[in-house]
Amino acid sequence: MIALVDCNSFYASCEQVFRPDLKGKPVVVLSNNDGCIIAANKEAKSLAHIPMFQPVFKIKKVLEQNNVVCFSSNYTLYSDMSQRVMNTLREFSPLVEEYSIDESFVDLSGYSASRVQELATEIKDRVHQNTGIPVGVGVAKTKSLSKLANRYAKKEPKNDGVYVVDSEEKRIHLLKKILVKDVWGIGRKHAVRVESTGAITAYDFSKLPVAWVRKQMTVLGERLWRELQGETCNELVPLPKSKQGIGTAKSFGYKLNEYGLIEEACASYVSEVADLLRQQKSAAGKIEVFLATNSFSDTDKQYRNKVVITLETPSSSTIKLTKVALQALRKIYRPGYRYKKVGVNLFNLVPDNKVQFSLFDFKEKIECEALTKAIDKLNNKYGKNKVKVATVGNREKQWALIKEHRSPRFTTQWDELLTIGKV
DNA sequence: TCTGGGGTCCTAGGACCC
DNA sequence: TCTGGGGTCCTAGGACCC
């Protein structure tokens with residue numbers, strides 16, 4: 001059996017752990033630039049007109065009228081809380097697949113069938129006790145079924161956040177309770193196609209001819225169809241897959257046309273992704289830089305372009321990667337536009353220790369590596385980004401994301417620790 | 001004024017090779 | 001009349017996920 005453990009409105013819950021005064025009050029978390037809503041607790045959801053991914057400016061009034069508490073996203077806090085949740089899950093099983101920041105598949109095959117029902121409740125309670133985060137638990141034979149079980153666990157109040165599919169009757173019952181459009185793996189487009197056959201529930205979908213499913217929804221649809229019957233097609237993958245690419249692309253807090261500022265943002269993103277690259281002990285063979293205006297604007301002149309540069313030798317050095325990225329940026333920058341976003345992606349990742357060098361590159365690598373190491377060391381000691389490549393500059397305020405409502409990074413920064421009583 | 005960001009997987013089609 | 005067939009690699013686009 002496989003359990004799918006999913007945190008309830010995770011980002012909002014993280015904020016509430018450190019703000020017990022907000023218990024029972026509506027809370028939402030905003031995306032980068034405080035642009036739109038990416039998480040809402042159940043109190044906020046129950047207020048009408050707070051759909052997810054709504055731009056904040058469109059519903060500002062509703063938020064104010066209902067005294068909804070808004071937080072800017074604080075990923076440092078959320079990733080740390082996520083790790084605490086995952087560590088608790090590992091107390092139950094050695095095989096845990098971290099599917100996303102707020103959910104995991106947990107292999108329960110080591111437990112007897114009769115124990116699973118009470119075990120599921122135990123998981124829910126212990127995560128809450130250890131971390132303060134409420135979770136839902138769905139258990140079934142396959143990943144797809146446990147995902148549906150989890151949904152049903154939360155949707156139906158009498159389940160109290162836990163649903164275990166341990167019989168054929170319960171499997172059928174579950175499938176009949178879930179609508180086609182709510183099935184994991186059926187998105188908007190496929191839902192329309194499936195519904196056009198007259199199917200309404202997941203059960204109806206599971207009764208469609210497999211050949212039709214295969215033709216309309218590719219092999220992914222077929223796997224899903226089989227998993228709903230109880231046949232395993234997606235194995236649990238306990239280790240994080242090493243990433244195929246690392247990238248970042250963020251909107252500026254303001255529209256920019258000054259090349260120097262865009263350059264700063266670009267260089268800063270390079271150092272961000274290069275850090276991640278070194279953490280996973282890889283080097284990148286290709287780097288892509290792209291630049292875009294605001295595609296939502298009806299009045300701004302539109303421009304977007306990208307360029308990919310292949311490095312002679314894969315590299316993980318911030319200095320080398322910055323140099324190449326800025327060459328790329330120079331190629332696509334055109335004056336006269338109001339730019340909204342710049343992005344950097346690293347591809348063709350190879351293990352750091354398998355890189356082949358020409359003699360010339362080798363000399364350069366040794367030099368860059370020593371310098372990069374020294375910088376990493378200083379930053380570890382004195383704080384992130386204290387030492388950086390000169391291009392990054394210090395005008396971050398003029399381009400960086402707007403984060404008006406960020407909460408303190410309670411668990412990862414000494415100077416932002418939660419204090420109790422007067423200091 | 002203000003509209004997220006980071007991913008995965010699959011398929012089809014083109015270029016190229018023998 | 002009839003114009004190979006299989007393989008690889010790459011890219012773009014679609015669909016979905018959190």
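Not measured: the values here are computed from a predicted model. To find a chain, count down the sequence lines: A is the first, B the second, and so on, and within it residues start at 1.
Per the geometry, OH belonging to A:Y99 stands 13 Å off C1' belonging to B:dG6, to the nearest Å. A:W225 has its CH2 atom 21 Å from the C1' atom of C:dC16, to the nearest Å. Separating the CZ atom of A:R338 from the P atom of B:dT3 is a distance of 11 Å, rounded to the nearest angstrom. Between A:I186 atom CD1 and C:dC18 atom C1' there is a gap of 17 Å when expressed in whole angstrom units. Straight-line distance from the NZ atom of A:K250 to the C1' atom of B:dG7: 15 Å, rounded to whole Å.
Taking only side-chain nitrogens and oxygens, A:R193 comes nearer than 4.0 Å to OP1 or OP2 of C:dA15. Distances shorter than 4.0 Å separate some side-chain N or O of A:K147 from OP1 or OP2 on C:dC18. Taking only side-chain nitrogens and oxygens, A:K255 comes nearer than 4.0 Å to OP1 or OP2 of B:dC2. Distances shown here put a side-chain N or O of A:S251 below 4.0 Å from the OP1 or OP2 atom of B:dG5. Listed pair A:K189 / C:dA15 meets the phosphate criterion, a side-chain N or O lying under 4.0 Å from OP1 or OP2.
Here the straight-line distance linking atom CG of A:N348 with atom CD1 of A:I287 works out to 12.0 Å at 0.5 Å rounding. Separating the CG atom in A:N41 from the NZ atom in A:K25 is a distance of 12.0 Å, to the nearest 0.5 Å. Between atom CG of residue A:L276 and atom CG of residue A:L346 there is a gap of 9.0 Å, rounded to the nearest 0.5 Å.
A distance-only check finds a donor-acceptor pair linking the side chain of A:K155 to the backbone of A:K177 [under 3.5 Å].
Judged by closest nucleotide on DNA chain B, A:K341 is the one of A:T218 and A:K341 placed further toward the 5' end. In this structure, A:L276 and A:V219 both approach DNA chain B, and ranking their closest nucleotides by distance from the 5' end singles out A:L276.
The side chain of A:L220 has B:dC9 as its nearest neighbour among B:dT3, B:dC9, B:dG5. In this structure, of B:dG4, B:dG6, C:dC17, it is B:dG6 that holds the atom nearest to the side chain of A:A249.
Base pairing of C:dC10: its partner is B:dG13, meeting the Watson-Crick or G-U wobble criterion (both donor-acceptor distances under 3.5 Å).
A donor-acceptor pair shorter than 3.5 Å cannot be found between the side chains of A:S13 and A:N8.
Counting any heavy atom pair closer than 4.0 Å across all strands shown, A:V183 reaches sugar-phosphate atoms only and no base atom.
Taking the P atoms as reference points, C:dC18 lies 25 Å from B:dT3, given to the whole Å.
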